[in-house]
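Below: the structure, in structure tokens.
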Amino acid sequence: MNGIVYERVALIGLGLIASSMFWAIRRAGLATEVTGYARTHETRDTARRIGLCDRVCDDIADAVRDADLVVLAAPVGAMGEIARQIAPHLKPGATVTDVGSVKRAVIDAVAPHLPDNVHFVPGHPLAGTEHSGPESGFAELFDDRWCLIVPVDGSDETAIARLRDLWLGIGAHVEIMEPDHHDLVLAVTSHAPHLIAYTMVGVADDLRRVTDSEVIKYSAAGFRDFTRIAASDPTMWRDVFLNNKDATLEILGRFTEELFALQRAIRTGDGDHLYDYFTRTRAIRRGIIEAGQDTDAPDFGRKKKPK
Ligand code: NAP
């Protein structure tokens, strides 16, 4: 039990991130009541069936009324419209945060709608899986992962500290970051890699000389890991690319240049270039393991299936 951080929390959007937050908030006893709202009644009914949230509301206004913290956990492209809808019903002094994978575009879309007597403190937990929806969440998702808090100009220090306490109670490590820097860091570490995975899986699908059954049967680590990333939610990722355009395009430009250099090294038989490059990338992998952000278990962390 970590103790109550907010009396009432409202989760808007009830997918992977919101449901994981709910289970983690409950695990640590961080709120007295958590309300929830999702766009479709199917999702709201599923949430009720599995006990997700103390109260699931059919009306977004009922979900946020009296909430001390409102968490926007819908796709990035929907956040502005949600902010517009909830604005008149927010409690004075409440904090509004979000979990969107892009920050500058969300800030630009949400901030203009919020009344002056409400604190806006954007955030982004760096944890996820390729699954989505209310049934995909679990309390441990954020354990030992980073959550970036990305204050806007004039964000209240007390409101920032309180949100930080919530994420610490949820099990994450917290760091403060500036919005444009966040978008560049995430373009490198998440957005461009996702686009590359989507492309690689698309290419394999297009290569008719390799049959579908061969792709599936022989997809050892490498392609198999691309397919896991490329199974991520299409709506979420469409919105990420449309809303983090500049940083993603900058990183993809760099990626293309490096790819051409590697292509040339292969064509000209420049083994030293390839060896040096792969030695450098291997060190980055070691750094990630040493920072506790992945395990060095063999076979990409998968257990062998019994014969
Ligand atoms: P998800 O599992 O696909 O769930 C999205 C939820 O948002 C659903 O409950 C959906 O409701 C609801 N929603 C969609 N449009 C809405 C609207 N206009 N109004 C109200 N609710 C709406 O998504 P997620 O993976 O939890 O992602 C949520 C946010 O977290 C996104 O902004 C994403 O960028 C960010 N994020 C995701 C990850 C990840 O790896 N998945 C990691 C960090 C941050 P219905 O089911 O009723 O349509």
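Counting convention: from 1, in listed order, for ligands and their atoms alike. Because the structure is predicted, anything quoted here is derived from the model rather than measured. Computation of the quantities below employed the complete heavy-atom set of this structure, encompassing side-chain atoms and omitting hydrogens, waters and symmetry-equivalent molecules.
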Notebook entry, point to check: Given the rule in the ring pair (Phe, Tyr, Trp, His ring centres under 6.0 Å) test, do Phe138 and Trp23 qualify, once you have shown the distances and angles that lead to the verdict?
Noted result: CA-CA 6 Å; Phe138 51 99; Trp23 298 121; over 10 Å; no
Checklist line | Exceeds 12 heavy-atom contacts within 6.0 angstrom, atom CZ of Arg8 | finding: yes
Notebook entry, point to check: Under the side chain to side chain donor-acceptor pair (under 3.5 Å) criterion, do Thr40 and Thr43 qualify, and how do the steps go?
Noted result: CA-CA 6 Å; Thr40 62; Thr43 299; 3.1 Å; yes
Write 'none' if nothing qualifies; otherwise put on separate lines each N/O atom of ligand 1 with a protein N/O atom under 3.5 Å away and their distance to 0.1 Å.
residue: ligand 1; atom: 2 (O); partner: Leu16; partner atom: N; Å: 2.9
residue: ligand 1; atom: 2 (O); partner: Gly133; partner atom: N; Å: 2.8
residue: ligand 1; atom: 9 (O); partner: Leu14; partner atom: N; Å: 2.8
residue: ligand 1; atom: 26 (O); partner: Leu16; partner atom: N; Å: 3.1
residue: ligand 1; atom: 26 (O); partner: Ile17; partner atom: N; Å: 2.8
residue: ligand 1; atom: 32 (O); partner: Ala74; partner atom: O; Å: 2.7
residue: ligand 1; atom: 34 (O); partner: Ser101; partner atom: N; Å: 3.2
residue: ligand 1; atom: 34 (O); partner: Ser101; partner atom: OG; Å: 2.7
residue: ligand 1; atom: 36 (N); partner: Ser101; partner atom: OG; Å: 3.4
residue: ligand 1; atom: 46 (O); partner: Thr43; partner atom: OG1; Å: 2.6
residue: ligand 1; atom: 47 (O); partner: Arg39; partner atom: N; Å: 3.3
residue: ligand 1; atom: 47 (O); partner: Thr40; partner atom: N; Å: 2.7
residue: ligand 1; atom: 47 (O); partner: Thr40; partner atom: OG1; Å: 2.6
residue: ligand 1; atom: 47 (O); partner: Thr43; partner atom: OG1; Å: 3.2
residue: ligand 1; atom: 48 (O); partner: Arg39; partner atom: NE; Å: 3.1
residue: ligand 1; atom: 48 (O); partner: Arg39; partner atom: NH2; Å: 2.7

Checklist line | Asp98 and Lys103: CA distance, side-chain angles, deciding distance, salt bridge (charged side-chain N to carboxylate O under 4.0 Å, His left out) verdict | finding: CA-CA 9 Å; Asp98 77 295; Lys103 293 277 64 90; 2.8 Å; yes
Notebook entry, point to check: Any side-chain hydrogen bond (donor to acceptor under 3.5 Å, both in side chains) pairs touching residues 66-95, not counting sequence neighbours?
Noted result: Asp68-Lys91, Glu81-Arg84, Glu81-Gln85
Check: Any salt bridge between Arg162 and Asp165, counting N to O under 4.0 Å?
Finding: no
